[in-house]
Amino acid sequence: MTEVAEPVETGQSTLFSRLILIWLLGTLVLLPVDLVHLPLNMSLVDGLIVMALPFLWLAFARRPYPINFTYALPMWLILVASFISTLGAPAPRNGLIVILKEIYAYIWFLTMIAVLARLNARDLYLCLVVWAATVLLHGCVILAQFLSPAIWEFTMKLAGSAKGYAIYRPSGFFVNANPAALFQLLGFVPLVLVSPSQKTGMFLASFLFLTMVATGSMGATLAFMSGLAVALIAICLCGHLSVVLRMFARLAVVLLLLAGLLAVVVSQNERYQDHIERILVGRSEKSSEGRFDLWQRGFNAYLDHDAYFWGVGPENFRMVDEKMADNQLHNEFLAFLVERGLLGSLGLIAFGVIAVGRAVSLFLLTNQKPAHTQLTSVVFLAAMVATLVESLTHQVFHFRELWLVLAFQEAILFKLEAGDRWPVFAPYRRQARVIANRVAEPT
């Protein structure tokens, strides 16, 4: 990370800073809207990002902004391997498109770090609140789709799809349920960082978990459990066993209440019972067999084409195995190994190690002094572990929300390493409660 000459929190309320904040909030709101696509297969949020990037980088040239190079080496390895493998790929155009996407994602990532690192605590809190609210509202859409097939069919038609499955998986504003589940999973990051009251936080976290489960994603559920286990172990190792026990007790009560409510609703409708059973349990065997078959075919393609160092080219597995024309490998490491070889896989491993290492550094940095303990920072470590587990059954490297979580992690780390304390959100939470109470008052 480069040094800056000015303090990180300038507190300036210029027109440009307000426009940047509006852009940030718009980006967060549009993140889950994957139904509508612009030319070049861009989503609405990509259009907003692309329009703003040139102006933001011009601003970076005029005033000091932190530019982060933590992930530069892994990205260099990944891009070099991708370019070399593309040169000999059956469909070079596919590889070039992937390379452009990854360059774009990395530039957006650097931009987000620079912008977030300069936000004051109030604006950072506002971004987290908007992100968390977006995730929760998206969860409401998922539950509505689960309860009403007509709502799911309507959203699919918005995406230009006329699918009419009897047993479907709710996906919110995504076309596919798996990205929707990952979006909900990573939504725990802003929710935990916002740190609402304990009762409200437990209820919202339990609700968010139910919306993730409603997508029928077994991979996301396993990833959540893995991340939660690592988070609890980390908190216990820091000497906060009592906090974990109290949290478990409250969480158990809230989950029992929500589960009881869901059980009552489901028991009144046989279709809901069948739907839950089929998307959560009924397809497990078929899904597992499909994954193993894909992985075997991918490994065979890796061996048969002698693509040990460079791979067959990004997005070229479908070209060398025509039977898999409509499928991905559903394993991030295997996809990198097959399509970008050992060099690309090394870059991916380095990327993951750095991401987890930075999350551990952040947690240790915020808990080394008892007076400044911030257990909520463990959510980044939990998110990194959950993403790694999710990557075993899905390809997540291009997922925007993952890059967004990494950007928030790097921005907060930069603030702490520059001498700032953990962002204090308590005054803004009180202001938000006052405003909410005024709105709720009868006129």
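Treat the numbers as computed from the prediction; the structure is a model and nothing was measured. All heavy atoms count here, side chains included; hydrogens, waters and symmetry mates do not. The first residue of the sequence shown is numbered 1, and numbering continues consecutively from there.
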How close do [X] and [Y] get, heavy atom to heavy atom, and via which atoms?
X	Y	result
Ala407	Ile113	CA-CG1, 3.7 Å
Leu116	Leu24	CD2-CD1, 4.3 Å
Leu143	Ala214	CD2-CB, 3.9 Å
Gly26	Leu48	C-CD2, 3.6 Å
Leu35	Thr155	CD1-O, 3.5 Å

Distance alone, cut at 3.5 Å: any donor-acceptor contact between the side chains of [X] and [Y]?
X	Y	answer
Arg400	Ser43	yes
Ser85	Glu339	no
Ser82	Arg340	yes
His398	Glu102	yes
Arg169	Asn178	yes

Parallel, tilted or perpendicular: ring planes of His138 versus Phe183, cut at 30 and 60 degrees: perpendicular

Exceeds 12 heavy-atom contacts within 6.0 angstrom, atom CZ of Phe224: yes

Trp57, CH2: over 12 other non-hydrogen atoms inside 6.0 angstrom: yes

Determine whether a donor-acceptor pair (N or O, by modelled atom type, separation under 3.5 Å) exists between the side chain of [X] and the backbone of [Y].
X	Y	answer
Gln395	Leu329	yes
Thr221	Ser217	yes
Glu332	Ser391	no
Asn316	Pro314	yes

Test ring pair (Phe, Tyr, Trp, His ring centres under 6.0 Å) applied to Phe188 and Phe209, step by step: CA-CA 9 Å; Phe188 281 96; Phe209 176 74; 7.4 Å; no

Under-4.0 Å salt bridge between Asp123 and Arg118: no

Option among Trp403, Phe380, Trp131 that satisfies the ring-ring contact (aromatic ring centres under 6.0 Å, His included) test with Phe408: Trp131

Result of checking Tyr106, Phe109, Phe336, Phe333 against Phe397 for ring-ring contact (aromatic ring centres under 6.0 Å, His included): Phe336

Spacing of Leu25 atom CG and Leu126 atom CG [to the nearest 0.5 Å]: 5.0 Å

Qualifying residues under side chain to side chain contact (heavy atoms under 4.5 Å, CB included), relative to Phe83, sequence neighbours excluded: Leu87, Ile99

